[in-house]
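Everything on this sheet refers to the single structure shown next.
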There are 2 protein chains.
Amino acid sequence: MPAIKDVAQRAGVSVATVSRVLNDHPAVRTDTRDKVLAAVADLGYRPNAVARSLRTHQTRALGLVISDVLNPFFTELARSVEDAARDRGYSVVIGNADERPDLQDHHVRTLVDRRIDGLLVSPTDGGSPLMLDAARTGTPMVFVDRWIEGEGLDEVPVVRTDGGAAVRDLVAHLHALGHRRLAIIAGPAATTTGRERVDAFRSALREFGLALPADHIGQGDFQADSGRRVTARFLDLPHPPEAIFAADNLMALGAMDEIRSRGLRVPDDVALAAFDDIPWFVHTDPPITAIAQPTGDLGHAAVGALIDRIEGRPAASVTLSARLVPRRSCGEPEGSTP
Amino acid sequence: MPAIKDVAQRAGVSVATVSRVLNDHPAVRTDTRDKVLAAVADLGYRPNAVARSLRTHQTRALGLVISDVLNPFFTELARSVEDAARDRGYSVVIGNADERPDLQDHHVRTLVDRRIDGLLVSPTDGGSPLMLDAARTGTPMVFVDRWIEGEGLDEVPVVRTDGGAAVRDLVAHLHALGHRRLAIIAGPAATTTGRERVDAFRSALREFGLALPADHIGQGDFQADSGRRVTARFLDLPHPPEAIFAADNLMALGAMDEIRSRGLRVPDDVALAAFDDIPWFVHTDPPITAIAQPTGDLGHAAVGALIDRIEGRPAASVTLSARLVPRRSCGEPEGSTP
DNA sequence: CCTCCTCGTGGAATCGATTACATCGATGAC
DNA sequence: GTCATCGATGTAATCGATTCCACGAGGAGG
């Protein structure tokens, strides 16, 4: 693979001149520029990004650490992040934490070692010392979707969606359809989204004069299996809930599995709703009522905030809002008999 | 961020010694090793991977260019590739081509500029000059799932699944259920998987004495929308097909959309099957019969082959086989009335 | 006691770019 | 005619590691 000095040699100029042409510095005579360009083309020269990064102290790469690639919400997020980054001339390196703190740490470390210009994180757990370190030692950082608190992290912008209103809409929807005993499959308490969704659900219930007994809160981990287990416990209750709200799409899937394996039907026997909407929910039996996040906007906003930080501009947190997408999994659609 | 010379200074040794400790070279006295390690810990020093890469000519990073991140098959592939790579001490940089040749080129270029040690590609189109170049200029390369032919590419191993037998099983399954007019939603002719699946389908049909008229082959592009369009054309035929086979999961989804929007039912009015199995197919209405690829094995084998190439060992192509997973979308399961 | 080898360590070149500074010829002002 | 200025280019330092080579100390062998 040819290096800059090969180009220089072939064009009969110095490496400095070649570099100037490549970075289109104004002070280069047109004919020497042409000579250099010709040499570049002849050799099929491509500048070595590694060497360039070493010298300039920037890689034009962003790190994105997500909790689970197999979750369609995160893959959509990853996709929009990549799109936005590419538009701004950055690449994205994705790390999949698989909801495991140790893997999350592994990726943060690797990315920082590779000197990515900035880090986008959707943290899996409470807070690892490593991430605190990264934030403190100056790696520009932005949280997406989930975030963590901790000293030194006040400066880190958070780009997220507030599902409060949508959750309230969902509870209203369920209430209108006659459901009174509602249960929730929560995400890990260590995650903000895990806690927030339960809180939103609880306060919405209160608004409608409904209680949320302890045995109607099941602890999940955002994976399908846990949705299954929690649902099994719900259904074994003497008075099983009439409606189940899963805090993410994977757990909703697990819940559906369990319900179906018992020969019960959605929504006739149990209503089901999920946080996070995905294309497949339209095609399940029945189509699942969900709370949709503006995933694309989330990704774009996150990249925007991160690049602002990287380029030294002040970056602000962003909160978007989710909306309810009613389908048939909670009961007949509006306009028909309940 | 401290550099190696800061560590050297603090430990009172030279940078050479620090480097030796870091790469655990045997010739270092135990007490100086301890001094260095202490300095490393004190400063929170982490070696700069960029500088190291420049010097050693290796990044310990693999590039993976896939056709579409939103397709669950590819995200599962990406995940297994990352797992396998991590086990071997490599990172993975993913590029999403979104089924667009220009984006594919963009990613190949970026990855090669970044001097990744090897490239895993599932090519979107026929063959771009850029990829040929990359292959020829010595970047170790392996094709996964799809591949392209061309001079200079004979050396590139292909890790794929052969769906032939499974497609034959599917046709047998459809035939046994009484379906005779079968149609296929094909993938782009520029991709090998696009062509192969049609060929396998056609020869399986021939085996059963069935024809595949031109109007029963619809040209799709592996995206949901095209599945919808092609299905619409099928259903507008004077004698619409009794069964539709989609060459990937996204097009199956589109087909289902279209069928349902016309008030028709699967499988009563039209049977439906798909290449690529995904978790959601269990939950659709009805569950969709699919041909499952051993995605995890695919990813592992691909990484194995690529690392073999990188480390100078001979690498062989690998062909795994797919299997039919019958569900309800083609008709009642075995054992009941047809 | 001298030589030779080994061991531990440091000095310095190197990877491939960017860029501050120096150089040099030409131009223009006075 | 002289000098300052400017434009185009080259020289060399630099980024942060790795690694070849040299060197001195100490031990073994003669």
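Heavy atoms only: backbone and side chains are in, while hydrogens, waters and symmetry mates are out. Proteins come first, then strands; the chains are lettered A, B, ... in the order of their sequence lines, and each starts at number 1.
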Quick one: [X] [atom1] to [N] [atom2], roughly how many Å, whole number?
X	N	atom1	atom2	result
R115(B)	dG16(C)	CZ	P	9 Å
K5(A)	dT18(C)	NZ	C1'	16 Å
R46(B)	dA17(D)	CZ	P	11 Å
L54(A)	dT14(C)	CG	P	17 Å
M1(B)	dA17(D)	CE	P	11 Å
N48(B)	dT18(D)	CG	C1'	13 Å
H57(B)	dT19(D)	NE2	P	10 Å
R55(A)	dA13(D)	CZ	C1'	8 Å

>> Can you give me the bend angle of the helix from dC1(C)-dG30(D) to dC30(C)-dG1(D)? Use the axis through the first five pairs and the one through the last five, nearest 10 degrees.
In response: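 The angle, to the nearest 10 degrees, is 50°.
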
>> Testing the basics here: between R60(A) and G89(A), what is the closest heavy-atom pair and its distance to 0.1 Å?
In response: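 Taking every non-hydrogen atom into account, NE-O, 3.1 Å.
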
> Will you find, in the side chains of R114(B) and S91(A), an N or O donor that is under 3.5 Å from an N or O acceptor?
Replying inline: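 Yes.
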
> Are any of R52(A)'s side-chain N or O atoms less than 4.0 Å away from OP1 or OP2 of dT18(C)?
Replying inline: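 Yes, such a contact exists.
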
Can a salt bridge be assigned to the pair [X] and [Y] using a cut-off of 4.0 Å between side-chain N and carboxylate O?
X	Y	answer
E99(B)	R146(B)	yes
D24(A)	R33(A)	no
R52(A)	D113(B)	no

>> Side chain of I4(A) only, heavy atoms from C-beta on: which candidate in dA17(C), dT18(D), dC15(D) is closest?
In response: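 So the side chain of I4(A) is nearest to dA17(C).
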
> Around E155(B), counting heavy atoms of other residues, nucleotides and ligands shown, do more than 12 lie under 6.0 Å from its CD?
Replying inline: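 No, the 6.0 Å shell around CD holds no more than 12 heavy atoms from other groups.
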
> Is the shortest heavy-atom distance from the side chain of F143(B) to the side chain of P157(B) under 4.5 Å?
Replying inline: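 No; the side chains remain at least 4.5 Å from each other.
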
>> Is it the case that the side chain of T192(A) and the backbone of W147(A) share a donor-acceptor pair, with hydrogens and angles ignored and the cut-off at 3.5 Å?
In response: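 Looks like yes, one N/O pair under 3.5 Å.
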
> Got a sec? Which of residues 13-43 of chain B come in under 4.0 Å of DNA chain C, heavy atoms?
Replying inline: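 Within this stretch, V13(B), S14(B), A16(B), T17(B), R20(B), A27(B), V28(B), R29(B), T32(B) sit under 4.0 Å of the strand.
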
>> Determine whether R10(B) and D42(B) satisfy the following criterion, salt bridge (charged side-chain N to carboxylate O under 4.0 Å, His left out), listing intermediate values before the conclusion.
In response: CA-CA 9 Å; R10(B) 183 173 243 268; D42(B) 285 356; 2.6 Å; yes

